[in-house]
K.L.:
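Please read through the structure below; I'll follow up with questions.
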Amino acid sequence: MTAPLVDRLANQAHALLRDGRAEEALPMLDRLGRLGAPASAALRAEAMLQLLRLEEAETAADAALAGTTDDARLHRLRARIRLARGHHAGAAEDAATAVMAAPGDTAGRLLLATALLEEGRHDEAIWFLGEAWRADPGNAALQARLGQAFMRAGRHEAAAELLAHCEQQAPSTPGIAALRAQAALLADDAPEAERLARAALARGIVEGAVHSVLAHALVSQGRLAEAGPHFAAAARLSPASHYLAHLAAASSGTTQDRAPEDYVATLFDGYAPHFETSLLGLGYRVPGLIRRAVERLLPAVAAGRASLGPVLDLGCGTGLAGVALSDLLHGPLTGVDLSRRMLEQAAAKHLYTSLRQADLTAVLREEGAAYALITAADVFCYLGDLNETLALCRQRLAPGGLLVFSLERAEAGAGWRLGPSGRYAHAPDYLAACLKAAGLQALECREEALRRDGEASIPGLLVAAHAIGH
């Protein structure tokens with residue numbers, strides 16, 4: 001009686017999962033687990049992945065793989081879970097195992113290529129995708145993925161050629177129109193990206209990605225007002241995207257007190273490969289401004305008569321503030337950022353004692369070391385309300401410690417406001433009230449141009465503060 005029951009439950013659970021109804025499958029999976037059914041762990045892993053309970057999904061996948069090394073299907077499943085968790089090296093290992101177990105399986109090759117791309121191993125990903133496409137030249141999805149790999153590798157002409165050929169041969173390939181427009185945008189041809197996106201919309205293609213690329217192309221051309229409706233359409237068509245939701249809110253003037261974590265991580269993961277080149281081209285000044293503030297306010301450190309450390313670099317990005325302060329450091333330097341790819345760039349500089357992928361407020365809430373210096377270069381522009389963050393910074397400053405940060409400046413009386421760029425600006429009087437409420441005293445609040453934006457400069461504030469009574 002047990003075997004037929006197990007088979008029936010497993011088949012029903014599998015059907016529900018195939019239809020994306022993981023919540024309904026859970027009672028059956030619980031019962032299969034109690035019955036000791038061999039398939040229950042794999043089915044539970046799939047269900048947890050659908051429900052985005054990723055740690056539980058990986059635990060279940062580990063259990064399903066216990067005692068077996070050559071089950072391509074299970075290795076593909078765990079690769080998908082690890083990709084969703086951002087564990088790209090592990091995903092690549094699982095996907096490679098799946099490919100070795102089933103060399104002709106296209107799904108395994110696609111997973112492997114995806115993991116390699118996420119690790120920045122573009123040439124390897126291109127090789128695997130090229131081999132797969134040569135073996136199946138009529139597979140439009142493979143060709144589109146190969147074009148995307150060339151795009152990610154910065155080989156824009158090859159990407160444009162492949163994607164154009166793919167759209168010509170198989171115009172109904174999902175996402176191909178958006179990929180073509182995105183390839184043009186990444187090649188710094190915003191007018192061509194706009195043309196391709198508008199042509200796709202005119203053909204009746206209704207995809208959030210097309211509206212998103214069009215909006216970004218318009219922003220690149222300084223046409224922010226035109227971009228707003230397309231960010232809103234992209235957000236409606238992609239309701240799970242916090243990135244698009246934030247840009248839609250910014251374009252429409254909707255108020256929210258901070259940018260979502262997913263927005264910041266997505267934004268800077270995309271920026272990471274060319275972040276420093278782009279910023280230096282815009283005359284980015286904030287790391288140097290922080291360095292000079294430290295020299296003015298800590299003259300003994302600047303003269304080498306006192307040590308500086310420990311230091312906490314909030315939103316450290318690629319480590320530019322660490323570079324600016326590197327010769328002054330005589331203690332540990334900790335960097336915190338939401339973007340894994342930015343942290344990889346920072347790690348390559350070999351300046352940081354530790355680097356953490358985390359939200360800055362979560363790190364500030366932890367019990368731990370007190371810091372002689374806390375820096376935040378162009379970080380608080382992704383926060384609206386500063387009260388909690390400044391209070392937390394105050395708690396983590398050592399006696400005599402210094403907090404140095406930049407803000408984009410709003411007009412007096414404006415409080416804080418979210419601009420169409422997706423960044424927040426803060427008024428000096430609002431900042432003064434927040435500092436006082438947090439128990440901080442401003443030692444300096446200097447009006448500075450932070451960087452260029454087209455022909456104009458971004459007006460900002462460079463603020464240095466310490467705890468009241470220190």
Side-chain angles (χ1 to χ4, degrees), residues 20 52 83-84 114 117-118 141 144-145 147-148 151-152 156 159-160 163-164 166-167 171-272 274 278 338-339 341 381-382 384 417-424 453:
L52 298 180
L83 275 174
T114 300
L117 284 173
E118 292 300 324
R145 193 72 175 113
Q148 188 179 26
M151 182 173 67
R152 290 278 294 273
H156 301 301
L163 293 170
C166 181
E167 187 175 39
S172 62
T173 303
I176 188 62
L179 281 174
R180 284 196 69 196
Q182 185 182 16
L185 187 60
L186 291 176
D188 293 324
D189 192 347
E192 176 65 3
E194 179 188 353
R195 185 190 71 78
L196 289 168
R198 289 195 186 281
L201 294 175
R203 295 196 302 272
I205 295 175
V206 183
E207 292 178 1
V210 174
H211 282 284
S212 175
V213 176
L214 176 53
H216 282 92
L218 292 167
V219 168
S220 294
Q221 297 174 78
R223 295 153 60 188
L224 301 184
E226 292 178 63
H230 293 288
F231 277 130
R236 285 195 302 272
L237 292 165
S238 307
S241 172
H242 297 291
Y243 174 81
L244 291 172
H246 180 69
L247 288 174
S251 299
S252 66
T254 303
T255 299
Q256 50 187 20
D257 63 5
R258 64 175 294 168
E261 291 181 25
D262 287 355
Y263 168 81
V264 177
T266 301
L267 179 69
F268 286 99
D269 276 349
Y271 277 165
H274 50 84
S278 298
L338 282 167
S339 167
R341 289 186 176 147
C381 58
Y382 294 99
R417 55 176 170 75
L418 175 59
S421 65
R423 298 187 300 271
Y424 295 84
D453 184 12

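Along the sequence shown, residues carry numbers from 1.
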K.L.:
So, the side chain of T173 versus the backbone of I176: is there a donor-acceptor pair under 3.5 Å, distance only?
P.N.:
no
K.L.:
With a 4.5 Å cut-off on side-chain heavy atoms, are D189 and P191 touching?
P.N.:
yes
K.L.:
Are the side chains of L418 and H246 in contact, using a 4.5 Å heavy-atom criterion?
P.N.:
yes
K.L.:
Do D257 and Y424 make a side-chain contact, defined as non-hydrogen atoms from C-beta onward lying under 4.5 Å apart?
P.N.:
no
K.L.:
Working note: E118 + R152, criterion salt bridge (charged side-chain N to carboxylate O under 4.0 Å, His left out); need CA distance, chi angles, decisive distance, verdict.
P.N.:
CA-CA 9 Å; E118 292 300 324; R152 290 278 294 273; 3.6 Å; yes
K.L.:
Flag the pair L218 / E194 as yes when at least one side-chain heavy-atom distance between them is below 4.5 Å, and no otherwise.
P.N.:
yes
K.L.:
Any salt bridge (Lys or Arg N to Asp or Glu O under 4.0 Å) pairs touching residues 238-249, not counting sequence neighbours?
P.N.:
none
K.L.:
Taking all heavy atoms of A197 and all of A181, pick out the closest pair and write down the distance.
P.N.:
N-CB, 4.1 Å
K.L.:
Check this for me: H156, atom NE2, are more than 12 non-hydrogen atoms of other residues, nucleotides or ligands nearer than 6.0 Å?
P.N.:
yes
K.L.:
State which residues pass side chain to side chain donor-acceptor pair (under 3.5 Å) with Q148; sequence neighbours excluded, sorted by chain then number.
P.N.:
R145
K.L.:
Test your reading of the model: is there a side-chain donor-acceptor pair from S212 to the backbone of G208, 3.5 Å cut-off?
P.N.:
no
K.L.:
So which pairs with a foot in residues 180-221 pass ring-ring contact (aromatic ring centres under 6.0 Å, His included), sequence neighbours left out?
P.N.:
H211-H230, H216-F231, H216-Y243
K.L.:
State, to 0.1 Å, how close A144 and L163 come at their nearest heavy-atom pair, and which atoms those are.
P.N.:
O-CD2, 3.7 Å
